[in-house]
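Below is one structure, written out as structure tokens; the observations come after it.
From a predicted model like this one, the values you see are computed outputs, not experimental measurements.
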Amino acid sequence: MDLVLRICDDLFLDKLWATVLPASAFLSSPLVRLVNGTSHLPTLPSDPKTWSHLISYIPHPPLPAELSSPSLAASALVSAWPRDYIPRQLISLFVLTLIGIHFLYFSVAGLSYKYIFNHDMMKHPRFLKNQVKQEIQLSLKAFPAMTIFTLPWFQGEVMGHSYLYDDISEYGWAYFVFSIGWFLLFTDFCIYWVHRWEHHPACYKWLHKPHHKWIIPSPFASHAFHPLDGYFQSIPYHLFIFLFPLHRTLYLGLFFFVNFWSILIHDSDMITGHPLEKVINGPAHHTLHHLYFTVNYGQYFTFADRMGHSYRQPASELDPMRQVKPAQKEASGKQQ
């Protein structure tokens with residue numbers, strides 16, 4: 001997210017912060033003149049009803065020396081909160097993340113719902129009334145809290161405490177390619193155990209059960225869970241870059257892929273018989289997890305489930321669509 005923040009600062013955030021919290025508004029405050037030692041400066045006329053007056057007592061770091069003149073500050077489009085001011089960074093990260101996850105959720109889940117999800121699955125006897133609406137509502141409730149929980153990790157990135165790097169030559173192309181697989185393997189193994197822990201009776205009911213309300217999930221169920229549930233399962237993604245080097249742009253791409261994959265595996269698809277079925281934990285595997293609860297905890301691969309003896313092989317006879325047709329016949333019989 002440090003890359004996203006830097007790009008957004010360049011594109012529009014510098015101007016936005018300079019408009020919302022202009023440095024010129026603070027030079028007329030007696031408090032600022034006392035802190036900066038500029039009590040000899042003339043006081044700018046201020047109307048108590050103006051925005052400048054309303055914000056003039058908001059905390060901020062000492063203003064730079066080049067803005068000591070009110071006339072210069074007024075002519076320069078500069079914010080009293082510079083880029084490296086932590087409150088500004090946290091607010092920017094919160095808003096950018098919230099906008100980003102909403103856009104990603106509705107765009108990817110919406111496309112998956114329209115073009116991939118089998119709408120006949122909504123006739124399954126265990127597909128709830130108004131389920132899609134409920135999934136979306138729970139997701140929207142979870143996003144703000146999940147974002148707040150994640151902010152310390154993002155702030156650590158921005159402050160340079162991670163092992164993210166920019167120059168591929170620093171570690172070479174071989175490591176760049178290796179890091180993709182290592183990221184997926186590491187996070188998959190960690191998420192397996194986080195996910196399995198969430199099924200423990202001590203925390204399942206209040207933490208993970210809200211997500212298992214969707215026995216037959218739609219793509220909109222991908223983020224429909226308790227905020228702590230979503231946060232705990234995201235920790236391995238954030239932890240990775242504080243343990244291992246990863247290219248900054250690659251990390252951003254993997255971050256989008258993670259959310260894309262989470263949506264993809266919630267389409268209730270049970271296509272079986274493909275060559276990677278025993279290696280890749282795809283939609284069919286995760287559909288079985290929602291149906292049977294204690295199998296296929298993995299995210300991308302099946303190796304952790306095999307090690308933990310929780311793997312269940314997808315099979316056509318387990319396809320929930322097989323229950324849809326009898327339900328349709330029963331419904332049509334009642335209508336007659």
Side-chain angles (χ1 to χ4, degrees), residues 1-38 41-47 49-104 107 143-144 146-167 238 241 246-256 259:
M1 284 300 293
D2 59 341
L3 177 60
V4 174
L5 182 60
R6 187 164 66 240
I7 292 173
C8 291
D9 276 336
D10 290 336
L11 291 177
F12 63 90
L13 283 181
D14 281 344
K15 293 181 180 179
L16 178 62
W17 280 108
T19 302
V20 175
L21 292 173
S24 58
F26 295 85
L27 288 171
S28 61
S29 167
L31 178 61
V32 173
R33 295 200 304 274
L34 179 64
V35 172
N36 282 4
T38 57
L41 291 175
T43 301
L44 294 177
S46 60
D47 183 344
K49 295 181 180 180
T50 65
W51 174 251
S52 295
H53 180 82
L54 292 174
I55 66 173
S56 61
Y57 289 95
I58 293 178
H60 64 86
L63 298 177
E66 58 268 23
L67 295 179
S68 59
S69 169
S71 60
L72 288 176
S75 62
L77 192 63
V78 179
S79 175
W81 283 16
R83 287 189 179 191
D84 60 354
Y85 192 48
I86 292 178
R88 165 177 163 166
Q89 293 173 338
L90 289 172
I91 294 173
S92 296
L93 287 169
F94 176 78
V95 174
L96 289 174
T97 303
L98 211 54
I99 293 173
I101 192 60
H102 278 81
F103 173 78
L104 196 64
S107 60
F143 287 154
M146 286 171 52
T147 302
I148 291 173
F149 296 147
T150 308
L151 280 180
W153 296 98
F154 288 157
Q155 186 62 29
E157 291 178 43
V158 172
M159 298 179 72
H161 298 309
S162 72
Y163 286 102
L164 291 173
Y165 65 95
D166 295 299
D167 190 353
H238 305 296
I241 61 171
L246 190 64
H247 190 269
R248 184 170 274 102
T249 306
L250 174 61
Y251 179 57
L252 185 61
L254 288 170
F255 184 81
F256 281 101
N259 284 276

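Between the His247 side chain and the Asp166 main chain, a donor and an acceptor come within less than 3.5 Å of each other. Counting only distance, with no hydrogens or angles, the side chain of Gln89 and the backbone of Arg83 share a donor-acceptor pair below 3.5 Å. Without hydrogens or angle criteria, Thr97 side chain to Thr147 main chain gives no donor-acceptor distance under 3.5 Å.
Taking both residues in full, the closest heavy atoms of Gln155 and Leu90 are given as OE1-CD2, 3.5 Å, listed atom of the first, atom of the second, then distance. Scanning both residues, Arg88 and Pro82, for their nearest heavy atoms gives CD-O, 3.3 Å. Across every non-hydrogen atom of Leu151 and Phe94, the tightest pair is CD2-N, 3.8 Å.
In terms of the ring-ring contact (aromatic ring centres under 6.0 Å, His included) criterion, His161 has no residue partners (sequence neighbours excluded). With sequence neighbours excluded, no residue forms a ring-ring contact (aromatic ring centres under 6.0 Å, His included) with Tyr251. Under the ring-ring contact (aromatic ring centres under 6.0 Å, His included) criterion, Phe149 pairs with Tyr231, sequence neighbours left out.
A distance of 5.0 Å separates CG in Leu5 from CG in Leu93, rounded to the nearest 0.5 Å. Taken from OG in Ser92 to CG in Asp14, the straight-line distance is 9.0 Å, to the nearest 0.5 Å. One distance of note links CZ of Phe255 with CG of Leu3; it measures 12.5 Å at 0.5 Å rounding. Here the straight-line distance linking atom CG of Leu96 with atom CZ of Phe154 works out to 10.0 Å at 0.5 Å rounding. With rounding to the nearest 0.5 Å, the separation of CD1 in Ile241 from CD in Glu157 is 3.5 Å. Atom-to-atom distance recorded for Ile91:CD1 and Tyr85:OH is 9.5 Å, nearest 0.5 angstrom.
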I would like to know whether Leu21 and Trp81 meet side chain to side chain contact (heavy atoms under 4.5 Å, CB included); could you show each step before the answer? CA-CA 7 Å; Leu21 292 173; Trp81 283 16; 3.5 Å; yes

For salt bridge (charged side-chain N to carboxylate O under 4.0 Å, His left out), just list the numbers for Asp167 and Arg248, CA-CA rounded to whole Å, side-chain angles, deciding distance to a tenth of an Å, and then say yes or no. CA-CA 9 Å; Asp167 190 353; Arg248 184 170 274 102; over 6 Å; no

Passes side chain to side chain contact (heavy atoms under 4.5 Å, CB included), Ile86 versus Val158? Steps please. CA-CA 10 Å; Ile86 292 178; Val158 172; over 6 Å; no

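Other residues, nucleotides and ligands contribute at most 12 non-hydrogen atoms within 6.0 Å of the CZ atom of Phe103.
Counted by atom type alone, Ser162 and Trp153 present zero donor-acceptor pairs between their side chains at under 3.5 Å.
With respect to Lys15 and Asp9, no salt bridge is recorded, no charged nitrogen being found less than 4.0 Å from a carboxylate O.
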